[in-house]
2 protein chains.
Amino acid sequence: MLTIGTLAKKTGTKVQTIRYYEQIGLMPEPGRTEGGQRRYGDAELDRLSFVRHARQLGFSLDAIRELLDLSDHPGKSCAEADAIARRQLKQVEQRLARLEALRTELKRMMHECSGGQTSDCRVLEVLRDHSECLTDHEEIGA
Amino acid sequence: MLTIGTLAKKTGTKVQTIRYYEQIGLMPEPGRTEGGQRRYGDAELDRLSFVRHARQLGFSLDAIRELLDLSDHPGKSCAEADAIARRQLKQVEQRLARLEALRTELKRMMHECSGGQTSDCRVLEVLRDHSECLTDHEEIGA
DNA sequence: GCTTGAACCTACAGTAGCTAGAGGATGTAA
DNA sequence: TTACATCCTCTAGCTACTGTAGGTTCAAGC
């Protein structure tokens, strides 16, 4: 039986985050001691590891909920899990593309900075001059 | 004199976002009509364009505040603006590296998916098996 | 058995950067 | 004058946590 602190350490999670996951129904309500403290078993350790691993791969909590559901029903089609992963990959690739564009523009901007006063600063000038801006009001999801 | 809606359209911002920027002090309080509606001039249009452009480049609102401050004081050293941009570039490159790693792992995961039942699903299996996880409890900022 | 102190508990507030909705007032064109 | 798009304020919500206050429980050492 693990305390919440031990579980936190084993999974690289903060204690509050575990309680938060419980609150939003991602983790089950665990057993308690007489005094009311949470105690966890291996099932919870596995589940939390799954969640954390998926988070590290950038899956949203909603996507993780779906994945956990699939995982809980071994008879379901693998295609759904694959679709979720595919969606995730697409998102990652979109972000990559945008970040690469940002890097290019940032580098260009800085490259032209003369090092003088802000009145001559290319960094500020580029930001000021939206006519040089190539994007057409796209949002940034960083 | 521009209404808030026109300003929003011209800069690709939502009306609520402009009011939000005013609320947090990023945009000045504009003049009002007798009836209390906001009216904007060119200075505000420029400032908002600057803000949006910087946001598109991934700068945080705090960083933008600093940049605006530098922009308002033409005598200050350009080095500060350069440092902010450099910090931003570093962050972008860190995110890029992480996203690239994610893409690799996602692809590997999906590549091995057989398409059968979830009980044999590699996607779920990889997520379950944290021994295969190469990262050591790093957080994801995606 | 008693003390001590780390770790636990709940509840609430705060973070970034918006976005959405309710319910009502204003501006403008026909 | 009337219609209706747009504006106003205020409040709450979103994601995914994180932090704090004020109090309780557990386990180890004496």
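So you know, we letter chains A, B, ... as the sequences are listed, proteins then strands, and number each from 1. As a basis for the values below, the full set of heavy atoms in this structure was taken, side chains included, without hydrogen atoms, waters or symmetry mates.
- The nearest whole Å value for the distance from the CD atom in B/Gln37 to the C1' atom in D/dC7 is 4 Å.
- In terms of phosphate contacts, A/Arg38 brings no side-chain nitrogen or oxygen within less than 4.0 Å of OP1 or OP2 of D/dT25.
- As a whole-Å value, the separation of B/Tyr20 OH from C/dG21 P is 19 Å.
- Both B/Ser60 and B/Glu34 sit near DNA chain C, but only B/Ser60 has its closest nucleotide nearer the 5' end.
- Mapped onto DNA chain C by nearest heavy atom, A/Gly35 and A/Gln23 fall at different nucleotides, with A/Gly35 at the one closer to the 5' end.
- Neither OP1 nor OP2 of D/dC7 sits under 4.0 Å from any side-chain N or O of B/Thr33.
- In this structure, A/Ile24 atom CD1 and D/dC17 atom P are separated by 8 Å, rounded to whole Å.
- Regarding contacts with the backbone of D/dT9, a side-chain N or O of B/Arg32 is found under 4.0 angstrom from either OP1 or OP2.
- B/Ile4 comes within 4.0 angstrom of the backbone, heavy atoms only, and of no base.
- Using a 4.0 Å cut-off, some side-chain N or O of B/Arg52 falls inside it from OP1 or OP2 of C/dC18.
- In the displayed structure, A/Asp72 atom CG is contacted under 6.0 Å by more than 12 heavy atoms of other residues, nucleotides or ligands.
- B/Phe59 places its CZ atom 17 Å from the C1' atom of C/dA16, with the value rounded to the nearest Å.
- With hydrogens and angles ignored, the 3.5 Å screen pairs a side-chain donor or acceptor of B/Gln88 with a backbone N or O of B/Leu57.
- Protein atom CZ of A/Arg19 is 12 Å distant from nucleotide atom C1' of D/dG19, rounded to whole Å.
- The shortest distance between the side-chain N/O atoms of A/Thr3 and the OP1/OP2 oxygens of C/dC8 is below 4.0 Å.
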Kindly indicate, with the supporting measurements, whether the criterion salt bridge (Lys or Arg N to Asp or Glu O under 4.0 Å) is fulfilled by B/Glu105 and B/Arg108.
CA-CA 5 Å; B/Glu105 195 163 357; B/Arg108 181 171 65 74; 3.5 Å; yes
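- In this structure a side-chain-to-backbone donor-acceptor pair under 3.5 Å is present from B/Glu44 to B/Gly41.
- For A/Ser49 (side chain) and A/Leu45 (main-chain N/O), a donor-acceptor pair under 3.5 Å exists by modelled atom type.
- Computed from coordinates, the B/Glu22 CD to D/dC8 P distance equals 9 Å when rounded to whole Å.
- Neither OP1 nor OP2 of D/dA16 sits under 4.0 Å from any side-chain N or O of A/Thr17.
- The nearest whole Å value for the distance from the CE atom in A/Met1 to the P atom in D/dT25 is 21 Å.
- As rounded to whole Å, 11 Å separates atom C1' of D/dA16 from atom CG of A/Leu26.
- Set against C/dC18, C/dC9, D/dA16, the side chain of B/Leu61 has C/dC18 as its closest nucleotide.
- Under 4.0 angstrom from either OP1 or OP2 of C/dG17 there lies no side-chain N or O belonging to B/Lys14.
- Between A/Tyr21 and D/dC17 there is a side-chain polar atom (N or O) within less than 4.0 angstrom of OP1 or OP2.
- The nucleotide whose nearest atom lies closest to any side-chain atom of A/Gln16 is, among D/dT9, C/dT19, D/dT18, D/dT18.
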Yes or no on side chain to side chain donor-acceptor pair (under 3.5 Å) for A/Arg47 and A/Tyr40, after CA distance, side-chain angles and deciding distance?
CA-CA 11 Å; A/Arg47 193 176 176 96; A/Tyr40 296 93; over 6 Å; no
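- Between D/dT6 and B/Arg39, no contact under 4.0 Å exists linking OP1 or OP2 to a side-chain N or O.
- Side-chain nitrogen and oxygen atoms of A/Arg55 include at least one within less than 4.0 Å of the OP1 or OP2 phosphate oxygen of D/dC17.
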